[in-house]
Number of protein chains: 2
Amino acid sequence: MVRAGLSAARLTEAAAEMADEVGFDHVTVSALARRFGVKDASLYSHVKNLRDLRVRVALLAGEQLTDRIAVAVAGRAGKEALVAFADAYRRYALDHPGRYAATQMRLTPEEAAGSVALRRSIELTYGMLHAYGLAEPDATDAGRLLRAAFHGYIHLELGEGFRHPREVQESWSRSLDALHVLLTNWPSQREEGAR
Amino acid sequence: MVRAGLSAARLTEAAAEMADEVGFDHVTVSALARRFGVKDASLYSHVKNLRDLRVRVALLAGEQLTDRIAVAVAGRAGKEALVAFADAYRRYALDHPGRYAATQMRLTPEEAAGSVALRRSIELTYGMLHAYGLAEPDATDAGRLLRAAFHGYIHLELGEGFRHPREVQESWSRSLDALHVLLTNWPSQREEGAR
DNA sequence: ATCCCTTCCTAGGAGCTCTAGGCAGAAGCC
DNA sequence: GGCTTCTGCCTAGAGCTCCTAGGAAGGGAT
């Protein structure tokens, strides 16, 4: 009998591919076992349980996404960095919807502990914002708004929440223009009033 | 034997409550049946299947959310309307996380057809943006960015994506200030350039 | 060649969705 | 009231899921 050659890494990789094909929450232990021509019980020597498998995919995807962003923003600042960051983010989500969905999982602190990707992505965001001249606490607020806008946009786009015919790419570009304007004119505490 | 008095409406209502308590994707037919002291097969006279049940919850939640927003923005314009809209949105999501998750379901056109909430919420958004002086295609772009920002923010907040200690409420307010500035200075096609 | 560890197996329990068909209240008709 | 009919809930059961326990067989070290 030939062994299938399973390992946690190979299972994670295959689960990630599967997530992109059929959706992250259709990744099941049995389906994954079927893909390897193996009984489902066999996977439990490599992976604790379904949750464990999903967390591994989430961490893998998080690293890939962060890597792409890091490459994209390297050596850029201001609007160029913003657009590069955003496009890399969106590109990854559209190329790998299942993996992207995995990155949205809520991890416990212990689960997230092993990953450097999270910390690195925060650093990348802050670096970009500092280049815009934002310091604390504005950088935190702006960072949250940026992350929210990116994620929300992708979420809507993946969910086909855009029924309106206007091209998504065009809308996305305009929104990035707008966010650029926003970051350059970020309203600090005292200067803003009603209307 | 006393009948439990099931109906599609009561099941939907109970499922919505359950979603808020245990999370939208922990709402199962069997758990719902258990809650009514009834066998799971009994629910299938009232509801086609699990998907059907979830869609009903999604439509219910969509209507509730839209109603709240409509009440909040009534008679307001500009920043007041923006803040009222956003706060109503966030309030609903925090009060009813399970129902809110349901509103994020991706519905087929047939499933969404029966609901007026979707159309109405779009009208509300456009009304607000027109008061900011935005016309097409800027209104569409700005509307998408707003929805994305709101949803993304809530998503991060519900998922405890905010590890940083800065108060969420404060961040949210600052982000709304920023979005207000953004809407009043929306960069139209020609006036924007590099940096 | 033997030992041992790892890999994969079979067997099986428990929970889930959903279908088919049955019985017994509730509602309508005479 | 007595009758039929409708419908709300039932039991039975198939098929899928996750996961545990314990067994057998391949591959490496000695």
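Lettering of chains follows the sequences in order, A, B, ..., and the numbering in each one begins at 1.
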Worksheet item: What string of B, S and - do you get for nucleotides 16-23 of chain D 5' to 3' if you count protein non-hydrogen atoms under 4.0 Å?
Response: -SBBB---
Worksheet entry | Heavy-atom check, side chain of A:E111 versus side chain of A:M105, under 4.5 Å | no
Discussion item. Does a side-chain N or O of B:S42 approach OP1 or OP2 of D:dC10 to a distance below 4.0 Å, or not?
Written reply: yes
Worksheet item: Are B:D40 and B:R34 ion-paired here, with the side-chain N under 4.0 Å from a carboxylate O?
Response: no
Item to complete: Provide, to the nearest angstrom, the distance between the CG atom belonging to B:L43 and the P atom belonging to C:dC16.
Response: 12 Å
Practice prompt. Rounded off to whole Å, could you give me the CG-to-P distance for the A:L32 and C:dC8 pair?
Written response: 12 Å
Practice prompt. Sort and list the pairs that fulfil salt bridge (Lys or Arg N to Asp or Glu O under 4.0 Å) and have at least one residue in residues 59-76 of chain A, not counting sequence neighbours.
Written response: A:D67-A:R120, A:R68-A:D95, A:R76-A:E80
Fill in: C:dT6 OP1/OP2 closer than 4.0 Å to side-chain N/O of A:H46
no
Fill in: Aromatic contact, B:Y132 with B:W186 (centres under 6.0 Å)
no
Worksheet, complete the sentence: Applying ring-ring contact (aromatic ring centres under 6.0 Å, His included) to B:Y89 and not counting sequence neighbours gives B:Y100, B:F150
Worksheet entry | NZ/NE/NH1/NH2 to OD/OE distance under 4.0 Å, B:R99 and B:E13 | yes
